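Computed from a prediction, not measured in an experiment: that's the story for all the values here. Here is the naming used below: chain letters follow the sequence lines, and residue numbers restart at 1 for every chain.
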There are 2 protein chains.
Amino acid sequence: MRDERRPTLTDVAERAGVSKSLVSLVMRDEPGAGAETRRRVLEAAGQLGYQPDSRARLLRSGRSRLLGVVFGIQHPFHADLVTGLYTAARETGYELALSAVTADRDEAEAIAGLLQDRCEALILLGPHSSAASLARLSGRMPVVSLARPVRHTGVDVVRSADAEGSGLAVDHLAGLGHTAIAHIDGGRAPGAAERRRGYRAAMDRHGLTGRILPGGLTESEGAAAARALLADPPTAVTVFNDRCATGVLDVLSRNGIAVPDELSMVGYDDSSLARLAHINLTTVAQDVTTMTRSALTRAIARVQNEPITRREIIVPPHLVVRGTTAPPA
Amino acid sequence: MRDERRPTLTDVAERAGVSKSLVSLVMRDEPGAGAETRRRVLEAAGQLGYQPDSRARLLRSGRSRLLGVVFGIQHPFHADLVTGLYTAARETGYELALSAVTADRDEAEAIAGLLQDRCEALILLGPHSSAASLARLSGRMPVVSLARPVRHTGVDVVRSADAEGSGLAVDHLAGLGHTAIAHIDGGRAPGAAERRRGYRAAMDRHGLTGRILPGGLTESEGAAAARALLADPPTAVTVFNDRCATGVLDVLSRNGIAVPDELSMVGYDDSSLARLAHINLTTVAQDVTTMTRSALTRAIARVQNEPITRREIIVPPHLVVRGTTAPPA
DNA sequence: GCTGCTGCCTGGAACGTTCCAGGGCAAGGA
DNA sequence: TCCTTGCCCTGGAACGTTCCAGGCAGCAGC
């Protein structure tokens with residue numbers, strides 16, 4: 001039962017009493033077939049449960065209509081981005097091919113896997129590869145880096161205005177009356193430098209002196225930073241990302257420091273983590289919908305060789321005020 | 001520069017001065033070519049940077065050597081499973097095709113995406129589809145359900161002995177001297193019924209009366225359950241999974257209940273969440289390595305029509321004692 | 001010498017599509 | 001009347017592989 005041969009174009013053509021070329025046309029929704037015939041063909045296809053063979057299709061047409069996506073399977077924010085990409089891809093006629101970076105499968109391997117599949121373009125989420133190797137890759141196919149700036153003219157970039165985002169966080173806290181505002185940074189993580197810069201600039205703008213603690217992008221790095229904070233706590237802190245922020249939150253609550261009563265906190269990403277009712281984190285939202293849609297349209301534009309003006313697309317972030325910020329005690 | 005045609009078998013054949021059939025043999029490492037010729041062919045292929053076109057290869061051979069994997073992109077435990085699957089797949093000669101279930105892309109859609117790619121088998125992580133629809137699917141191709149039991153003879157199942165796992169948690173707590181041990185369950189989530197059953201059986205075994213609170217598989221459901229717990233806290237609690245447990249932990253620490261001093265807690269999954277230093281959750285570990293390897297071998301065995309004795313593979317779990325359990329105060 | 005084998009190699013037919021060049025046929029203009 | 005112009009439609013050649021049926025040496029055995 002299992003190895004019945006799948007129906008092919010020829011089967012459908014026979015059943016509908018037309019040529020396979022015509023069936024091909026109809027299946028692709030191209031003009032050149034009469035209404036009645038079209039109906040008959042679709043009916044036959046439906047009855048046989050015909051599904052076009054993507055391999056044959058690609059082989060002949062030289063196109064795969066496949067966009068490769070490389071993401072970190074452990075990153076909640078990447079999960080949000082992938083979700084957005086799927087949604088954005090829905091109406092484009094392109095499919096997504098996912099390839100995950102895991103603990104023992106690095107980015108190079110993830111990319112190599114996609115290359116075999118003959119993707120037409122690559123969308124990399126917060127890629128860690130060197131600019132040089134991304135550049136080399138972009139010689140083979142269009143490459144879009146999502147959520148990480150890349151200094152090379154061959155690589156498109158879609159990212160949020162991270163400096164501006166940090167600025168929003170600081171403005172919000174300063175507006176509440178905070179003056180001792182620390183920043184737990186993301187080290188070498190994608191976007192970290194930019195956010196640090198935005199923090200510094202905003203502090204300067206408000207005439208405040210900043211204080212930067214080394215952090216990272218994971219919960220445990222946040223927890224470590226929080227412990228360092230305990231000795232001499234500020235009244236407010238902006239954190240590199242939500243994941244790191246939850247680590248900070250956890251250590252604070254274990255040490256009896258009430259948030260936001262004793263300490264206000266702003267995260268970054270508005271990942272699904274921050275939205276959880278019991279975390280309820282004030283955070284800087286990256287506009288995932290716009291970012292993913294932009295990344296997708298850009299990739300497709302490159303594939304179709306459309307003229308492009310600006311290589312970098314910068315999406316403005318916005319502040320989402322929830323329960324972890326309040327005026328200082 | 002970007003659209004240089006990729007070299008094909010014919011190009012290599014010409015360069016090496018042999019037929020393309022022979023090149024094909026050599027590339028596949030099959031017998032039937034002399035040592036010297038083989039060397040010459042490989043050299044030519046190397047010089048041209050030849051990479052076989054997988055699509056054409058698959059089209060002709062009728063095989064894709066592709067295993068479809070459907071996973072929930074928001075589930076940390078699925079992330080661990082996918083990681084394991086990639087590792088397990090490494091030496092098998094099969095590739096993984098990922099398809100994610102997201103907030104607006106349901107399981108049916110994720111599966112449909114894979115069907116187009118002509119996968120030879122499907123591995124579904126904790127599938128939510130009805131047994132009937134999985135059964136229908138299994139008529140088309142081998143289907144392995146990972147981490148969720150399915151009552152249908154056509155579908156293979158790889159899962160951990162969930163009842164036994166709950167038992168381990170209870171035994172551990174009882175062994176520490178706890179008698180008031182509650183269970184926060186997973187509702188209709190995959191595995192929940194089994195874990196509930198194991199909890200009840202173990203409590204009976206120890207002559208204790210159980211108490212089950214409705215929970216779920218997410219942090220917020222855990223947080224809600226924890227709030228329900230506050231009115232009349234037990235001395236220990238076993239939780240459906242790690243993700244739910246972190247929700248519980250969070251509410252507890254906000255309400256000044258010390259873990260494990262005032263309340264011990266055991267999670268389930270040993271997801272990367274539990275391993276975080278600041279969470280440090282005692283938990284029941286599903287043996288991800290064995291489970292993923294089993295799922296993969298099973299899928300491949302089905303594809304190759306090997307005889308199979310037991311449809312269900314049940315992997316024993318084990319307890320990982322970390323910092324959230326201690327004797328009652 | 002012939003036969004039969006084995007080891008290396010070749011040619012051509014698939015696989016299921018898409019693409020291109022055209023073929024009928026009806027309607028419309030000269 | 002005949003030629004054009006569209007509209008539908010068909011046939012067959014690709015695409016880059018693998019697979020199958022051989023071919024042609026060289027060598028052993030009779």
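- Note: CZ (A:R63) to C1' (C:dC19) measures 14 Å, nearest angstrom.
- Not one N or O on the side chain of B:D269 forms a donor-acceptor pair closer than 3.5 Å with the backbone of B:S271.
- A distance-only check finds a donor-acceptor pair linking the side chain of A:R65 to the backbone of A:G93 [under 3.5 Å].
- Phosphate proximity of C:dA14 to B:R60: absent, as no side-chain N or O sits under 4.0 Å from OP1 or OP2.
- In this structure, CE of B:M27 is placed 15 Å from P of D:dC19, rounded to the nearest angstrom.
- Atom pair B:R57:CZ and C:dG16:C1' shows a separation of 18 Å (rounding to whole Å applied).
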Q | Verdict with reasoning, A:L85 to A:L125, per side chain to side chain contact (heavy atoms under 4.5 Å, CB included) | A | CA-CA 11 Å; A:L85 285 172; A:L125 309 197; 4.2 Å; yes
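- One can place CZ of B:R65 at 12 Å from P of D:dT18, the figure rounded to the nearest angstrom.
- Between C:dT18 and A:R28, a contact under 4.0 Å exists linking OP1 or OP2 to a side-chain N or O.
- Atom P of nucleotide C:dT17 and atom CD of A:E30 are separated by 15 Å, given to the nearest angstrom.
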For nucleotides 6-9 of chain C, which of its nitrogen or oxygen atoms have a protein nitrogen or oxygen under 3.5 Å away, and what is each distance?
{"from": "C:dC9", "atom 1": "OP1", "to": "B:T37", "atom 2": "OG1", "distance (Å)": "2.5"}
{"from": "C:dC9", "atom 1": "OP2", "to": "B:G34", "atom 2": "N", "distance (Å)": "2.6"}
{"from": "C:dC9", "atom 1": "OP2", "to": "B:T37", "atom 2": "OG1", "distance (Å)": "3.1"}

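- End-to-end axis angle of the helix from C:dG1-D:dC30 to C:dA30-D:dT1, from C1' rotation axes over five pairs per end: 70° (rounded to 10 degrees).
- The stretch residues 23-82 of chain A participates, sequence neighbours left out, in these ring-ring contact (aromatic ring centres under 6.0 Å, His included) pairs: A:H75-A:H78.
- With hydrogens and angles disregarded, a donor-acceptor distance shorter than 3.5 Å links the side chain of A:R148 to the backbone of A:P127.
- Between B:K20 and B:G17, the one whose closest nucleotide on DNA chain C sits nearer the 5' end is B:G17.
- Rounding to whole angstrom units, CG of residue A:L58 and C1' of D:dT17 are separated by 12 Å.
- When only modelled atom types and interatomic distance are considered, B:Q286 and B:D80 share no side-chain donor-acceptor pair under 3.5 Å.
- Side chain of B:E30 to main chain of B:L25: no donor-acceptor pair is present (N/O by atom type, distance under 3.5 Å, no hydrogens or angles).
- Here the P atom of nucleotide D:dG16 and the CZ atom of A:R55 are 17 Å apart, to the nearest Å.
- At distances below 3.5 Å, at least one donor-acceptor pair connects side-chain atoms of B:R311 with backbone N or O atoms of B:H152.
- Between A:S21 and D:dT10 there is no side-chain N or O to OP1 or OP2 distance below 4.0 Å.
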Q: Take A:R57 and A:R28 through the test side chain to side chain contact (heavy atoms under 4.5 Å, CB included) and record every step on the way to the result.
A: CA-CA 11 Å; A:R57 190 171 251 193; A:R28 279 173 297 146; 4.0 Å; yes
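- Residue A:D53 contributes atom CG, which lies 9 Å from atom C1' of C:dC15 at whole-angstrom precision.
- Within 4.0 Å (heavy atoms only), B:P52 reaches sugar-phosphate atoms of the nucleic acid but no base atom.
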